[in-house]
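Structure first, then comments.
One-based numbering along the sequence shown.
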Amino acid sequence: MVASPKLMSLIESLLRIILTIVFFYAFKAAFEVENDLLLAFFSVLCAFITFKGLILAFNKLTAKK
């Protein structure tokens, strides 16, 4: 299946945004931090690490075939 690079870039961006929002509200519910900027920073960092880990795992799984 061939997908255009623009479409893949859009999907990656949407996935990163969704992961960031999920981490932000999970951290906000779990921790009592008054500084939302600090939560946003850690949310972006965790979303980035999770996204790169998922991409790495997906590439390893598809490379085995």
Side-chain angles (χ1 to χ4, degrees):
M1 181 168 107
V2 178
S4 69
K6 288 184 180 181
L7 180 65
M8 293 305 293
S9 177
L10 177 66
I11 292 172
E12 287 178 4
S13 295
L14 288 173
L15 185 58
R16 286 182 188 188
I17 290 169
I18 291 169
L19 280 172
T20 302
I21 292 170
V22 166
F23 276 114
F24 179 80
Y25 284 109
F27 289 156
K28 192 169 185 121
F31 303 115
E32 292 293 324
V33 178
E34 293 181 13
N35 191 353
D36 285 343
L37 187 60
L38 187 64
L39 283 177
F41 172 73
F42 284 116
S43 299
V44 170
L45 181 67
C46 289
F48 175 77
I49 292 170
T50 303
F51 181 75
K52 289 297 182 181
L54 289 172
I55 293 297
L56 182 70
F58 178 75
N59 287 338
K60 283 190 176 189
L61 286 175
T62 57
K64 287 184 179 180
K65 290 183 178 181

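Counting heavy atoms from C-beta outward, Val33 and Phe27 have side chains that stay 4.5 Å or more apart. The closest side-chain heavy-atom distance from Phe23 to Val44 is not below 4.5 Å.
At distances below 3.5 Å, not a single donor-acceptor pair connects side-chain atoms of Ser9 with backbone N or O atoms of Pro5.
The nearest pair of heavy atoms linking Phe24 to Asp36 is CE1-O, 3.7 Å. Contact record, Ser43 with Thr20: CB-O, 3.7 Å, taken as the closest heavy-atom pair.
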Could you walk me through whether Leu54 and Phe58 pass side-chain contact (heavy atoms from CB on, under 4.5 Å), step by step? CA-CA 6 Å; Leu54 289 172; Phe58 178 75; over 6 Å; no
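Atoms CG and CG, on Leu19 and Leu14 in that order, are 11.0 Å from each other to the nearest 0.5 Å. Rounded to the nearest 0.5 angstrom, Ile55 CD1 and Lys60 NZ are separated by 14.0 Å. Atom CG of residue Leu61 and atom CG of residue Leu56 lie 9.5 Å apart, to the nearest 0.5 angstrom.
Both Tyr25 and Leu39 belong to a single network of hydrophobic side chains, linked directly or stepwise wherever heavy atoms of I, L, V, M, F, W or Y lie under 4.5 Å apart. If you chain together hydrophobic residues whose side chains sit under 4.5 Å apart, Ile18 and Ile21 never meet in one group. At a threshold of 4.5 Å between side-chain heavy atoms, the hydrophobic network of Ile, Leu, Val, Met, Phe, Trp and Tyr places Leu38 and Phe31 in one connected group. Hydrophobic clustering (ILVMFWY, side-chain heavy atoms < 4.5 Å, transitive): Ile17 and Phe41 are in one cluster. With hydrophobic clusters built from ILVMFWY side chains whose heavy atoms lie under 4.5 angstrom apart, Leu45 does not share a cluster with Leu37.
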